[in-house]
There are 2 protein chains.
Amino acid sequence: MAAPLSDNPPADPSSPGAERQRDPDRTRVEILDVATREFSEQGYAGARVDEIAAKTRTTKRMIYYYFGSKEQLYLAALERAYATIRSTEQELDIEHLQPVEAIRRLAELTFDHHESHPDFIRLVSIENIHGAKHIAKSESLPGLANPALDVLTRILERGRADGDFRDDADALDVHMMISAFCVFRTANRHTFNAIFDRDMLDPTHRDHYRTMLGDMVLEYLTACRGR
Amino acid sequence: MAAPLSDNPPADPSSPGAERQRDPDRTRVEILDVATREFSEQGYAGARVDEIAAKTRTTKRMIYYYFGSKEQLYLAALERAYATIRSTEQELDIEHLQPVEAIRRLAELTFDHHESHPDFIRLVSIENIHGAKHIAKSESLPGLANPALDVLTRILERGRADGDFRDDADALDVHMMISAFCVFRTANRHTFNAIFDRDMLDPTHRDHYRTMLGDMVLEYLTACRGR
DNA sequence: CCTGTAATGAACTATCTGGTACGTTCACGG
DNA sequence: CCGTGAACGTACCAGATAGTTCATTACAGG
C-alpha cells in the first residue's frame, strides 16, 4: 500500500544489459531512500549517519561526497518528498465534475495520497518540531505553490456561483480542514491507538474515515443548502 | 497566553518566610519544566541532558538522582503533560446545555485548551515519531480514560434522541475530528506558514478558526436537519 | 546540640557520532 | 590503449554526550 518516495525502478535499464558498478544516480537515490526512512522513523537528531550508510550498498563517505552534511542530506530528503507529493497532485483531474462531487473527490484523493505516503507526513512532523527552519533554508520549498490549492480555489468559485457553497469558504481554510483530518490520522496514529485503542489506519476503518472526511467537508461547505 | 504545564506557584509559601536551600519538590518540578520545554523544542534525541541541567538551578546529577535516565525523564515529562491536560478536562461543565450548544462549547474549550498547551501537542508529536513506545512502557498512560470523551458520549446520545444529530455519529470519531483540527493548527503551524504564508496561530485569525471548527463539527452532526 | 540521611555538586569516563584524510578503482574520451 | 577525473572505500579523529564516582552539605528528628 505505502509507496516509496522515489519513483525510480529497481534497476535502471537506460544503458542496456549489465549492472553498472559505478552508478552515481542510483547511489544518490538509494541514499535518499534510506535517509528518508531513517529520518522519518528516528527524527533528525535521532537518525544516525552511520546507520543510514550501513543500510545502503555504499558507505558514509558517499553521503558526504554527494550531500555534504547530515543537515543537507535531511533537507534533500525533505525536498524530494515535497516534490514527489506535488507531482502526484498535478495529476488530479476533477475540474470537469460538479462542485459538490469535485470536492468529495478531492478530499478522497488527498486522503488516499496521505495514506500512501506516511514517510512524508512524518518528515513534515519532524520539520515542525524544528520550527520549519530547514524549509526556510531551502531554495525550492518556501512558498512552493500547491497545485491542489489552485484547483480547489476554482472549484469553490464555481460552487459559490452556483449557490451550492457558503460564501465565506476560503480555499486555504478548506485545504487546511482536509489536511488536518488526513495528517492527524497518520501523524497521531500511535498515541491515539495507545490511549483509545483504535488504530485509525486499520484497513477495517478506512472507508468509514474516507466517507466521514467527505461528509465533513461537504456539510461544512453546503451548510443546509439542500444539496 | 500559553500556560506552563506545571500549576505550581513560582515560590512555595507552605513553609512560611525564607527560601529553602534544599527543596526536593521544587527541584523536581523545575527539572520537569525545563525538560518539557527542551524535549518539545528539540525532540527526544535532540534534547541534551547537559542543556536541560544548565537551564535549571541545579545540576545534571540531580536529573539522574530523581529520574534515573534521560528516557525516564522524558517519560515523566510526558506523563505530567497528559495529567495536566486531563485535569483541565475534568472541569468542563457543559452537560446542562442543549446538545447543539454543548457541542460548540466543547469544541471551543478543546480549541482554547490546545492553544494554551503547545508543549503538550509537540510532545505528543514527538511521541508519535517514536511509535508511542514510551507511552506503552508507562504504567499510567495506556488506556488513560478521557473525561471529555465521556461527556461527549452523553451529549451525542441526547442529541440523537432529540433528532438533532445524525445516527452514525460515534463519540470517538467526533473527538478525533475536533482533535485533528486543533492539533494540526499547532503541530503543523511552521510548515504551513512556510509553504502558504499563513500563521494559523496568529491572534488575528483565532476567532475565525474557532468558529470554523464549531461550524464544521455541527454541520457534520446535524447534516441538514434544520438545526 | 548532635547525627543520620536525603539532597547536592564537581569532575570524570566510556562510548558514540558527525565529519575527514588519504588512498584506490572504475569508466570513458581521445 | 591510456590517463584523467569522477566515484568509491578504509581508517581515523575530535568533540559531544549519557551516565557515574565520590565527596560534601543542609536539615529534620532526637
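Residue numbering restarts at 1 for every chain, and letters A, B, ... go by the order of the sequence lines.
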Out of dG19(C), dA18(D), dA7(D), minimum distance to the side chain of Val49(B) belongs to dA18(D)
**Q.** Geometric cation-pi criterion Lys70(B) and Tyr44(B), 6.0 Å radius, 45° cone
**A.** yes
Does Tyr66(A) place a side-chain N or O at less than 4.0 Å from the phosphate oxygens OP1/OP2 of dA6(D)? no
Rounded to whole Å, CZ of Arg26(A) lies from C1' of dC8(D) at a distance of 12 Å
Open item on the list: Any base atoms under 4.0 Å from Ala53(A), or only sugar-phosphate, or nothing? Heavy atoms, all strands.
Closed with: nothing
When you measure from the side-chain N and O atoms of Thr27(B) to the phosphate of dT8(C), is any distance below 4.0 Å, counting only OP1 and OP2? yes
(message) I want to check one thing: is the phosphate of dG19(D), taken as OP1 and OP2, less than 4.0 Å away from some side-chain N or O of Tyr64(B)?
(response) yes
Atom CG of Asp25(B) and atom P of dA6(C) are separated, to the nearest Å, by 15 Å
Is it the case that more than 12 heavy atoms not belonging to Arg37(A) sit under 6.0 Å from its CZ atom? yes
Here the gap from Glu115(B) atom CD to Met200(B) atom CE, rounded to the nearest 0.5 Å, amounts to 11.5 Å
Separation of dG19(C) atom P from Phe67(A) atom CZ, nearest Å, is 14 Å
To the nearest angstrom, the CD1-P distance between Ile63(A) and dG18(C) comes to 10 Å
**Asked** Mind checking whether Phe120(B) and His114(B) have ring centres under 6.0 Å apart?
**Response** no
Rounded to whole Å, OH of Tyr74(B) lies from C1' of dA18(D) at a distance of 18 Å
Here the distance between atom C1' of dT17(D) and atom CD of Glu71(B), to the nearest Å, is 16 Å
Whole-Å distance, Asp50(A) CG to dG9(D) P, equals 15 Å
Between Leu156(B) and Ala171(B), the two heavy atoms sitting closest are CD1-CA, 3.5 Å
Between CD1 of Ile52(A) and C1' of dG19(C) the distance, given in whole Å, is 14 Å
Query raised in the report: Base, sugar-phosphate alone, or nothing: which one does Ala45(B) contact when heavy atoms must sit under 4.0 Å apart?
Result: nothing
Hey, what are the protein-to-nucleotides 9-16 of chain C N/O distances that come in under 3.5 Å?
| residue | atom | partner | partner atom | Å |
| --- | --- | --- | --- | --- |
| dG9(C) | OP2 | Thr58(B) | OG1 | 2.8 |
| dG9(C) | O6 | Arg61(B) | NE | 3.0 |

Taking dG18(C), dG19(D), dT8(C) as options, the one with an atom nearest any side-chain atom of Lys70(A) is dG18(C)
To the nearest 0.5 Å, atom CD1 of Ile63(B) lies from atom CD1 of Ile31(B) at 5.5 Å
Tested for side-chain hydrogen bond (donor to acceptor under 3.5 Å, both in side chains) against Asp33(A), the lone hit among Arg80(A), Arg28(A), Lys55(A) is Arg80(A)
